[in-house]
Chemist: 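Please find one structure pasted underneath; my questions will follow.
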Amino acid sequence: MDYQAVLDYIREAVEPKFGKGKVADYIPALAGVPGGKFGMAVQLADGRNFKTGDADEAFSIQSISKLFVLQMVMSHFGDMVWTRVGKEPSGDRFNSMIKLEMEHGVPRNPFINPGALATLDLLMSLKGDTKQRIRNYLRYLALNDSVEVDPVVAKSEYEHANLNRAMAHLMKGYNNIHMDVDDLLDTYCYQCAMAMSCVDLARAGLPLAMGGYSALHDASIISTSQAKRINAVMLTCGTYDSVGSFAYRVGIPAKSGVGGGILAVVPGKMAVCVWAPELDTFGNSYVGTAALEMFTSLTHTSIF
Ligand code: GLN
């Protein structure tokens, strides 16, 4: 398969789709990101990688960070995480609170905002600086020591985090958040504001594609069973309340973020990351979803 040709083809084929989505603006610092950006990168298990467009440009990973924090928490706490958060799709927006009270402060899954807050709360119970722990982990996974937070995005999100703050307080009321809410929010905004490129993220996603083992790192990053489970949660919960149509169109596990990135995994083969900042109404990259749909069709890599 000529992956370079496929990526270059997709980059041209998505051109007419620009201008139909909308760059996230509820976090003011993200509103200024140019909507016409497009990058895509493929990382194969054998170490080969391919890229097109703005694949080396760092962008705000936002909710893609939830995937890596879940990975860290599962490495440290194993299945204990599932006592704090469920593994069912929510059917609601990523920042919805509607089920949270009815379900006694236990979020549906780790990829909606309340679920990510509960997961991070568990990570913060470990000794040491959680921000540094997250940054170092992302640097290690991306094999890139220059991975860094964007402090402007982190501050902007923190200042506009009323909904996330409300969720955290509600969960604290149900004893499902143990940390100080301000510290939790501050760390959450930090993880979301990490800036990484498609190339970084495709590398970081490789262990999930390869049963936890990455030849690039020459290490097992997570266990095979954990990789299997995280992929299942990505497939069923990774793209929020459009997860069904995403699976229908793209057909592989994926995690999106409102920065316009989507990291997807082809089990046994590769990780693919796309970035295009204009979002659909569900908060997933509009052009990015179309690009991944083309990718799995052209390369026959849907798992279905
Ligand atoms: N930081 C964003 C928020 O909390 C993450 C949401 C997302 O990427 N879907 O709203």
Side-chain angles (χ1 to χ4, degrees), residues 1 3-15 17-18 21 23-24 30 33-45 47-68 138-150 153 191-210 214 216-217 234 238-239 246 250 252-266 269-279 283-296 298-299 301:
M1 179 65 65
Y3 289 106
Q4 190 57 53
V6 169
L7 293 186
D8 290 337
Y9 169 82
I10 292 173
R11 188 179 154 204
E12 282 186 19
V14 294
E15 272 305 311
K17 300 193 179 291
F18 285 94
V23 174
L30 291 182
V33 177
K37 293 280 181 188
F38 180 82
M40 198 163 184
V42 168
Q43 177 63 57
L44 298 183
R48 283 181 298 150
N49 51 71
F50 306 90
K51 61 185 175 181
T52 193
D54 304 308
D56 284 308
E57 192 170 324
F59 60 89
S60 194
I61 68 170
Q62 292 296 318
S63 280
I64 300 174
S65 65
K66 295 170 180 171
L67 178 62
F68 300 117
L138 293 177
R139 285 182 173 185
Y140 171 59
L141 287 181
L143 297 168
N144 178 359
D145 277 346
S146 62
V147 166
E148 201 37 279
V149 70
D150 180 334
V153 174
Q191 76 169 63
C192 291
M194 292 303 295
M196 295 170 79
S197 69
C198 291
V199 170
D200 290 331
L201 285 165
R203 260 192 229 121
L206 190 63
L208 277 173
M210 303 311 297
S214 161
L216 283 182
H217 302 77
M234 279 169 90
T239 45
F246 189 93
V250 181
I252 48 175
K255 183 71 210 84
S256 61
V258 292
I262 308 177
L263 174 56
V265 162
V266 181
K269 293 202 173 92
M270 68 188 93
V272 189
C273 183
V274 64
W275 172 49
E278 292 176 349
L279 307 179
N284 301 313
S285 172
Y286 179 82
V287 178
T289 303
L292 286 171
E293 181 176 13
M294 285 181 206
F295 183 82
T296 54
L298 291 167
T299 57
T301 44

Chemist: If we only count heavy atoms from C-beta on, is the F50 to L44 side-chain gap below 4.5 Å?
Modeler: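 A side-chain contact exists here, since the closest heavy-atom pair is under 4.5 Å.
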
Chemist: Which heavy atom in M270 sits nearest to a heavy atom in A209, and how many Å separate them?
Modeler: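 Reported closest heavy-atom pair: O-CB, 3.3 Å.
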
Chemist: Look only at the side chain of S285 and the backbone of W275, and say whether a donor-acceptor pair between them is shorter than 3.5 Å.
Modeler: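 No: the side chain of S285 does not pair with the backbone of W275.
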
Chemist: What heavy-atom pair brings S65 and Q191 nearest, and what distance separates the two atoms?
Modeler: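 So the minimum-distance heavy-atom pair works out to OG-NE2, 3.0 Å.
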
Chemist: Just wondering, do D8 and Q4 contact through their side chains at under 4.5 Å, heavy atoms?
Modeler: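 They are in contact (side-chain heavy atoms under 4.5 Å apart), so the answer is yes.
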
Chemist: Check whether any side-chain heavy atom of Q62 lies under 4.5 Å from a side-chain heavy atom of C192, and answer yes or no.
Modeler: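 SC-SC contact between Q62 and C192 confirmed.
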
Chemist: Might you point out which heavy atoms bring A142 and A204 nearest each other, and give the distance in Å?
Modeler: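 Taking A142 first and A204 second, the nearest heavy atoms are N-CB, 4.2 Å.
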
Chemist: Is it true that S197 and D56 share a donor-acceptor pair across their side chains at a distance under 3.5 Å?
Modeler: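 No pair is found: no donor N or O on one side chain lies under 3.5 Å from an acceptor on the other.
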
Chemist: Which pair of heavy atoms, one from A271 and one from G205, lies closest together, and at what distance?
Modeler: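 Heavy atoms only, the tightest pair is CB-C, 3.6 Å.
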
Chemist: With a sphere of 6.0 Å drawn around OH of Y9, does it hold more than 12 non-hydrogen atoms of other residues, nucleotides or ligands?
Modeler: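 Atom OH in Y9 is not crowded, with 12 or fewer foreign heavy atoms closer than 6.0 Å.
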
Chemist: Restricting to non-hydrogen atoms, name the atom on A202 and the atom on A41 that form the minimum distance, rounded to 0.1 Å.
Modeler: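 Between these two residues, the closest heavy atoms are CB-O, 3.9 Å.
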
Chemist: Decide yes or no for L201 and Q43: does some side-chain heavy atom of the first lie under 4.5 Å from some side-chain heavy atom of the second?
Modeler: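 They are not in side-chain contact.
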
Chemist: With the side chain counted from C-beta on, respond yes when V272 and Y3 share a heavy-atom pair under 4.5 Å apart, and no when they do not.
Modeler: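 They are not in contact (no side-chain heavy atoms under 4.5 Å apart), so the answer is no.
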
Chemist: Main chain of V42, side chain of N49: is a donor-acceptor contact present, judged purely on distance under 3.5 Å?
Modeler: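 Not at all, since once roles are kept as given, no pair shorter than 3.5 Å links the two residues.
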
Chemist: Could you state the interatomic distance from CG (D200) to CD1 (I61), rounded to the nearest 0.5 Å?
Modeler: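 The CG atom of D200 sits 9.5 Å away from the CD1 atom of I61.
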
Chemist: Quick check for you: to the nearest 0.5 Å, what is the distance between T299 atom OG1 and I252 atom CD1?
Modeler: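 Output value for this atom pair is 7.5 Å.
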
Chemist: For residues 254-262, run the donor-acceptor check on the side chains, cut-off 3.5 Å, and write out each pair with its distance to 0.1 Å, sequence neighbours left out.
Modeler:
unit_1	atom_1	unit_2	atom_2	d
K255	NZ	G238	O	2.9
K255	NZ	Y240	OH	3.1
S256	OG	N284	OD1	2.6

Chemist: Go through L67 and L263 one step at a time and tell me if the side chain to side chain contact (heavy atoms under 4.5 Å, CB included) criterion holds.
Modeler: CA-CA 9 Å; L67 178 62; L263 174 56; 3.9 Å; yes

Chemist: How long is the gap from CE on M294 to NZ on K17, to the nearest 0.5 Å?
Modeler: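 Answer rounded to 0.5 Å: 5.5 Å.
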
Chemist: Is there a side chain to side chain contact (heavy atoms under 4.5 Å, CB included) between V250 and F295? Walk through the geometry before answering.
Modeler: CA-CA 8 Å; V250 181; F295 183 82; over 6 Å; no

Chemist: What heavy-atom pair brings P34 and P277 nearest, and what distance separates the two atoms?
Modeler: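 Between these two residues, the closest heavy atoms are O-CG, 3.4 Å.
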
Chemist: Return the CZ to OH distance between R203 and Y140, rounded to the nearest 0.5 Å.
Modeler: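 Answer rounded to 0.5 Å: 13.5 Å.
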
Chemist: Verify the neighbour count for atom CZ of R139: are there more than 12 heavy atoms of other residues, nucleotides or ligands below 6.0 Å?
Modeler: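 Counting neighbours around CZ of R139, more than 12 heavy atoms of other residues, nucleotides or ligands fall under 6.0 Å, so yes.
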
Chemist: What's the spacing between K51 NZ and L7 CG if we round to 0.5 Å?
Modeler: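 If we round to the nearest 0.5 Å, K51:NZ and L7:CG are 11.5 Å apart.
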
Chemist: Rounded to the nearest 0.5 Å, what separates atom CE in M40 from atom CG in D54?
Modeler: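 Reported to 0.5 Å precision, the distance equals 13.5 Å.
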
Chemist: Within the 4.5 Å heavy-atom criterion, are F59 and V153 side-chain neighbours or not?
Modeler: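 Heavy-atom side-chain distance check fails, nothing below 4.5 Å.
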
Chemist: Can you check whether I64 reaches M196 side chain to side chain, under 4.5 Å on heavy atoms?
Modeler: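 SC-SC contact between I64 and M196 ruled out.
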
